[in-house]
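One structure below.
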Amino acid sequence: MKFFVDTADTEEIRELADTGLLDGVTTNPSLIAKTGRDFIEVIKEICTLVDGPVSAEVAATDYDTMLEEGKKLAGVAENVAVKVPLTMAGLKTCSQLAKQGTLVNVTLCFSAAQAILAAKAGAAFISPFVGRLDDIGQDGMNLISDIVQIYANYPNLNTEVLVASIRNPTHIVDSALMGADVCTIPPQVLKQLVSHPLTDKGLAAFLADWEKTGQKILG
Ligand code: G3P
């Protein structure tokens with residue numbers, strides 16, 4: 001399973017990219033707004049930090065403008081994936097951009113029916129929002145299970161299931177169990193993944209015992 005980070009904060013991206021754990025980045029208008037920086041500049045910089053896809057979202061809602069915005073974003077760097085909302089205009093834009101060889105991430109997916117449409121439109125990624133479904137009392141991971149199962153029925157389909165709106169490490173483990181292709185993870189959740197109290201306790205004991213040996217591995 002691939003790991004994308006869900007942020008537009010270039011310092012956070014740089015730090016995580018250095019670990020070798022990152023396969024890509026997703027942004028959205030809210031994350032861009034948080035940076036207070038120029039959208040195109042931020043996307044350009046992020047694209048230099050990771051080799052994998054960097055999702056940049058269109059802001060228009062009509063097809064013609066969305067398509068123009070999508071073309072402009074795709075021109076920023078080779079690894080831009082244009083993000084479009086799951087509306088009829090978004091699907092039409094997806095279809096058109098995909099035909100031109102642009103990677104498209106169809107976002108704001110909340111149903112299996114919508115995911116079927118995105119695949120039909122040639123999306124490279126479908127982004128179902130699990131946390132936002134959980135927030136309204138539904139089980140977001142059921143949607144991932146349904147989409148993974150549906151896509152598996154059509155082996156020629158190239159659309160990857162990109163689990164978005166992740167709130168905790170369990171979402172990620174469950175996504176892997178279900179065979180999702182990608183998780184886009186907020187930086188704080190990515191850091192939570194590594195933590196386990198028994199790891200900390202075990203390491204402290206090993207270091208204390210090592211100290212007693214008086215040895216050094218280097219020098
Ligand atoms: O980038 C899309 C998605 O991951 C947003 O998550 O936490 O705003 O629901 P959230």
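Ligands are counted one by one from 1 in listed order, and the atoms in each one are counted from 1 as well. These figures come from a predicted structure and were not determined experimentally.
Scanning all heavy atoms of the two residues, the minimum distance from A17 to L22 falls at N-CD1, 3.9 Å. When all heavy atoms are compared, the tightest approach of S165 to V130 is O-CG2, 3.6 Å.
For T26 and T184, the side-chain atoms include at least one donor-acceptor pair closer than 3.5 Å.
Here is the list of ligand 1 atoms found below 4.0 Å of a heavy atom in R167: 7 (O), 9 (O), 10 (P). Here is the list of ligand 1 atoms found below 4.0 Å of a heavy atom in F129: 2 (C), 3 (C), 5 (C). Counting the atoms of ligand 1 from 1 in the order shown, those under 4.0 Å from a heavy atom of K83 are 1 (O), 2 (C). For ligand 1, the atoms sitting less than 4.0 Å from at least one non-hydrogen atom of R132 are 5 (C), 8 (O), 9 (O), 10 (P), numbered in the order shown with element in parentheses.
Residue contacts with ligand 1 do not include E57, since none of its heavy atoms lies under 4.0 Å from the ligand.
Looking only at heavy atoms of the protein, atom 6 (O) of ligand 1 is closest to S165 CA, 3.3 Å. Closest protein heavy atom to atom 4 (O) of ligand 1: D6 OD2, 2.6 Å.
Here D9 does not pair with K34 in a salt bridge; the nearest charged N to carboxylate O distance is not below 4.0 Å.
Of the N or O atoms in N28, one or more lie within a sub-3.5 Å distance of an N or O in ligand 1.
Of the residues listed (V54, L49, V42), the one engaging I13 in a side-chain contact (heavy atoms from CB on, under 4.5 Å) is L49, and it is the only one.
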From CA spacing to verdict: side-chain hydrogen bond (donor to acceptor under 3.5 Å, both in side chains), D62, T65: CA-CA 6 Å; D62 68 286; T65 322; 2.7 Å; yes
